[in-house]
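What follows is a set of notes on a single structure, which appears directly below.
Lettering follows sequence order; numbering is per chain, from 1. All values reported here derive from a predicted model rather than from experimental measurement. Values below: all heavy atoms of this structure, side chains included; hydrogens, waters and symmetry mates excluded.
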There are 4 protein chains.
Amino acid sequence: MELGDNQYGKAEVRLVRVDRDTDEHRLTDLTVTTTLAGDLAATHLTGDNAGVLPTDSQKNTVYAFARDGIGEIEDFALRLARHFVGTAPSITRARVRVDQHAWERVGGHSFARGAGTRTATAAVSDQGEWVVSGVEDLVLLNTTGSEFHGFHRDEYTTLAETSDRILATAVSARWRHSAPTDWSLSYTAAHAALLGAFASTHSLSLQQTLYAMGEKVIESGSTIDEVRLSLPNKHHFLVDLAPFGLDNPGEVFYAADRPYGLIEGSVRRPGASDPGLAWW
Amino acid sequence: MELGDNQYGKAEVRLVRVDRDTDEHRLTDLTVTTTLAGDLAATHLTGDNAGVLPTDSQKNTVYAFARDGIGEIEDFALRLARHFVGTAPSITRARVRVDQHAWERVGGHSFARGAGTRTATAAVSDQGEWVVSGVEDLVLLNTTGSEFHGFHRDEYTTLAETSDRILATAVSARWRHSAPTDWSLSYTAAHAALLGAFASTHSLSLQQTLYAMGEKVIESGSTIDEVRLSLPNKHHFLVDLAPFGLDNPGEVFYAADRPYGLIEGSVRRPGASDPGLAWW
Amino acid sequence: MELGDNQYGKAEVRLVRVDRDTDEHRLTDLTVTTTLAGDLAATHLTGDNAGVLPTDSQKNTVYAFARDGIGEIEDFALRLARHFVGTAPSITRARVRVDQHAWERVGGHSFARGAGTRTATAAVSDQGEWVVSGVEDLVLLNTTGSEFHGFHRDEYTTLAETSDRILATAVSARWRHSAPTDWSLSYTAAHAALLGAFASTHSLSLQQTLYAMGEKVIESGSTIDEVRLSLPNKHHFLVDLAPFGLDNPGEVFYAADRPYGLIEGSVRRPGASDPGLAWW
Amino acid sequence: MELGDNQYGKAEVRLVRVDRDTDEHRLTDLTVTTTLAGDLAATHLTGDNAGVLPTDSQKNTVYAFARDGIGEIEDFALRLARHFVGTAPSITRARVRVDQHAWERVGGHSFARGAGTRTATAAVSDQGEWVVSGVEDLVLLNTTGSEFHGFHRDEYTTLAETSDRILATAVSARWRHSAPTDWSLSYTAAHAALLGAFASTHSLSLQQTLYAMGEKVIESGSTIDEVRLSLPNKHHFLVDLAPFGLDNPGEVFYAADRPYGLIEGSVRRPGASDPGLAWW
């Protein structure tokens, strides 16, 4: 047999950092996942671990690096990924993903957990460095301005056409950069672009909304070359109240869990840079 | 054998209502659970269902009642509970729980899901009516102002005393009313009291914080006679960075999942009304 | 204000024990939750923790007690609960819940995780000791032998009567003992009684099945005085295939997530002992 | 901007089928996800849905096709994928994933949910057909026969070497076929190979166990050309009982949730066929 692609790392290291150097503390709440690849045949074939940096050491490195401060999560991911490639002899590629959980200040030293997660992934090899920023669990809903009609009908199609429906989704989006930038400003602009495009697009399909969101994210920052979006269609079905002698003019809905539509797509800047290991 | 206490109902009816009568739509996103009790021996003992209002009908009722508008969730719960007791011949007690999910406006017809859930439970019988309001999944964290020392030490105690730790919890709180009130104002005040007490209490134990939160909730509204709180102690452990030649002056923490402390308690107004079925 | 009922403890201590004294190892995989109550006013009112045994110490105790072997989980829960009441000065009541996760042997030292969880809860005070055994996440389904008709119809009832439906549930059951017994044999008998009653009851309502299950559990062991069951009705809806020119004679179903019916009830042995703190 | 790769479909269609043609009913419990791709630019760019087969129709198709019987899940996935490519004008590629949930017979018409999930994915385009079989949530544990030492140590390495540890994982495995086969026999053999390799491999690293599992799966069936495995290292840490005057000779463990190691790799048959769209 032959060993194919392989990688390993530490998943979901929970790291909270408090910055105490100002009167108002700052809170950074992260979940970090490290993934390493390289010349790892020996451990697979014979159990010779000489080339294996333990995942426990990777976890320790995450905590130790946090001692000097986190900074923007893109930078923190880059620092860690460079370190692994630069110091572990058998490791030629490293990917570090950082999820930053939202907190809102409610006092000088007090915080309340918010919704949505900012993400960053850095991939580093001897061929280069790639940074992808993103957002997870951004749940959005439009109460109107969404239609769906003119679709292909086959013998299994019973869906009615509609010119006014609820459109709801949980945005999972990632965008890759062609160059370093001010990560904080870039994220703020991209996040605003996602919200703005969702809210302002009169939608004939969730695909159309997806494309508009991707387009606006790219337009939000000159370093952004490509956006990948995964948008579940969180169906809201109008409840039939006729059996109870009631109409239902778009007011009472059943929010379904499963199944759900799942719309996935990417939008690219013309002449986009080569993605390299960005999406690894 | 004997049949003991029993009840039945429909759990987790997902209801979304859009109010379209103003230029800016309003969105109400609820999960409703109905529970009925009464003379239900026959269905248990012989399968005679003459006294059973199907849970499917309970679900239908939730949707039909939403047609006229939801209003405050305490009122919606009361309307439903009164209906079941008043119309289903065998039903003598009804409890309706309503969870209201948070959404923030991001456009005239656009919303983003927020954090935390407001809850209301109404219990109705021929003996009276009881309303309990509450909040779930309100995750709070103080970066300082929390100590824990002077505790009982036995042969299994290894915990170090601390005069400065992170204190974090996910508040689950419910408070019962002695009389109807302006539910919206009351909730806003109670929610603010929870946040304020958490942020401002210099804490020697999570129990002390719990009591302060309960006290402030009661003080926030004259109709509130009792508060029950369940506060997981979401441990944040200082990471030992000494093996890497680093100190850690309260900056880098590991946020643990399990196990967690669980602190539960209630605070009552002196001379509080009888709870009746409030906590059923 | 007044402090009302309160308690605290350590939740979800994950404990795995390997018994190595025989050629085939034995594996015990538990999640343990301890809960203590007593004279705890000081920590709530002033932050004086002299009466507080830290939840960290409770966790340590769970691990230390496991060194001598677990035995049956009812006994392990009792040993722990007695210890806390017997040694912590301010603690007058202790409850210990133990969940035992299922594993099946696939080799001398190899195991595969199975389905379903056995539970035990011991409550100890100076008034006595109470033991409750149980099962969680036992998911059962009958493909036939279930009817539902003759129910109360009101203006919101649209449900069709049926003489043949799928009946599915996830059994959560707890039964209290009036005296110690052979816990292992008792559990095996009670578990078999649940399965047997579910499979053999021709059901006119899930309530009828619940009662039959409770009855058989009590009959399965002379120490069992009362059973409490919580049975979600996991709805399986016949899919309407008529739009596609197909019939559907009870063969193709949609398994729904939410909402679900929730049927709860208890069955008691006539002359049952006083429950005391069993259900605390 | 440019539209990049895109696809859409219906996720997590919950389908239960009862076969009633024999005295003992048979139960098939599936979760089906369909994914389509092709010429879908119009709906993204202009909202013209003429090329879009609604995800609702895809769901209907799953239920309608189940009317004729499911058969092996690989065949059911193939039937559906071929249908979408063959009948929807704009669709040139279809992928159908089927998860089959485990149930054990406890009576002629009664079943109890088991552990683990069998999976199948079929991908169909005008270039060919690809079938991948697999398993999810197969949780395995060895109480001994696992070592980890001789690994690379850097300045962040504190992990002790061990010659006897618990090895536990939740197997997620997928294997692709070069040709149709008896899917049921093939799955049984591959599943047995996974268990056998896990139990019988004296492991010097989880990577070594992964490779052995992959190797044995390929050897289990002549149609299997490649296996991909994702193995979380579910850490079980020996508890330090020394503070309590106790030793701990490999008996008492803390089962951690997060972080966890994550080992991923593939094993290929020499001269394996081109994977084509198998892993799409």
Side-chain angles (χ1 to χ4, degrees), chain A residues 1-14 40 43-45 47-57 59-61 64 87-89 148-152 154 156-159 203-205 207-208 210-211 215 218 226 233 258-270, chain D residues 1-14 40 43-45 47-57 59-61 64 87-89 148-152 154 156-159 204-205 207-208 210-211 215 218 226 232-233 258-270:
Chain A
M1 301 302 159
E2 298 172 350
L3 177 65
D5 286 344
N6 60 85
Q7 59 189 33
Y8 79 110
K10 198 67 144 192
E12 301 188 36
V13 176
R14 294 283 296 114
L40 296 162
T43 185
H44 289 85
L45 302 180
D48 175 348
N49 295 315
V52 176
L53 179 71
T55 65
D56 188 72
S57 305
K59 176 199 70 179
N60 287 345
T61 308
T87 62
F148 189 51
H149 46 71
F151 42 76
H152 177 68
D154 69 3
Y156 300 109
T157 300
T158 57
L159 187 70
S203 173
L204 300 176
S205 68
Q207 282 90 339
Q208 191 184 22
L210 179 150
Y211 187 81
E215 191 175 43
I218 293 178
E226 185 182 358
N233 193 342
R258 295 194 297 183
Y260 53 94
L262 183 57
I263 314 298
E264 299 170 288
S266 68
V267 182
R268 281 194 305 258
R269 183 186 297 276
Chain D
M1 302 301 160
E2 297 172 352
L3 177 65
D5 286 344
N6 61 86
Q7 58 189 34
Y8 80 110
K10 199 66 143 194
E12 301 188 36
V13 177
R14 293 283 295 117
L40 295 163
T43 185
H44 289 85
L45 301 179
D48 174 348
N49 296 315
V52 176
L53 178 71
T55 65
D56 188 73
S57 305
K59 176 199 71 179
N60 288 345
T61 308
T87 63
F148 189 51
H149 47 71
F151 42 76
H152 177 68
D154 68 3
Y156 300 108
T157 299
T158 56
L159 187 70
L204 300 177
S205 69
Q207 283 88 338
Q208 191 184 21
L210 178 150
Y211 188 81
E215 191 175 44
I218 293 179
E226 185 183 357
N233 192 343
R258 295 194 295 182
Y260 54 94
L262 183 57
I263 313 298
E264 299 172 287
S266 69
V267 182
R268 282 195 306 257
R269 183 185 298 275

| request: Apply side chain to side chain contact (heavy atoms under 4.5 Å, CB included) to the pair L53(D) and F151(A), showing each step before the final yes or no. | output: CA-CA 6 Å; L53(D) 178 71; F151(A) 42 76; over 6 Å; no
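- Ranked by non-hydrogen atom pairs under 4.5 Å with chain D, the options N49(A), L204(A), T158(A), T157(A) are led by N49(A).
- Of the listed residues (A11(A), G4(A), S205(A), G265(A)), the one with the most heavy-atom contacts under 4.5 Å to chain D is A11(A).
- Taken to the nearest 0.5 Å, the OH atom of Y156(D) stands 8.5 Å off from the OG1 atom of T87(A).
- One finds the CG atom of D5(D) at 11.0 Å from the CD atom of E264(A) (value rounded to the nearest 0.5 Å).
- The residue among K59(A), R269(A), E215(A) with the most heavy atom pairs within less than 4.5 Å of chain D is E215(A).
- Only the side chain of L210(A) comes within less than 4.5 Å of a heavy atom in chain D; its backbone stays farther off.
- Of the N and O atoms on the side chains of Y8(A) and Q207(D), not one donor lies less than 3.5 Å from an acceptor on the other residue.
- For the set L159(A), T55(A), L40(A), the count of heavy-atom pairs under 4.5 angstrom toward chain D peaks at L159(A).
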| query | Would Y260(A) and K10(D) count as a side chain to side chain contact (heavy atoms under 4.5 Å, CB included) if you check the C-alpha gap in whole Å, the side-chain angles of each, and the deciding distance to 0.1 Å? | reply | CA-CA 6 Å; Y260(A) 53 94; K10(D) 199 66 143 194; 6.0 Å; no
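- Annotation: maximal heavy-atom pairing with chain D below 4.5 Å, among G51(A), S203(A), G9(A), occurs at G9(A).
- Contacts between R14(A) and chain D at a heavy-atom distance below 4.5 Å involve the side chain alone, from C-beta outward.
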| message | Quick one, Y211(D) with M1(A), criterion side chain to side chain contact (heavy atoms under 4.5 Å, CB included). Give me CA distance, side-chain angles, the key distance, then yes/no. | response | CA-CA 9 Å; Y211(D) 188 81; M1(A) 301 302 159; 3.4 Å; yes
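- The choice from I218(D), N233(D), L3(D), V13(D) that makes the most heavy-atom pairs within less than 4.5 Å of chain A is L3(D).
- Interatomic distance, E2(D) CD to R268(A) CZ, rounded to the nearest 0.5 Å: 5.0 Å.
- In terms of heavy-atom pairs under 4.5 angstrom with chain D, the leader among D48(A), V52(A), N6(A) is V52(A).
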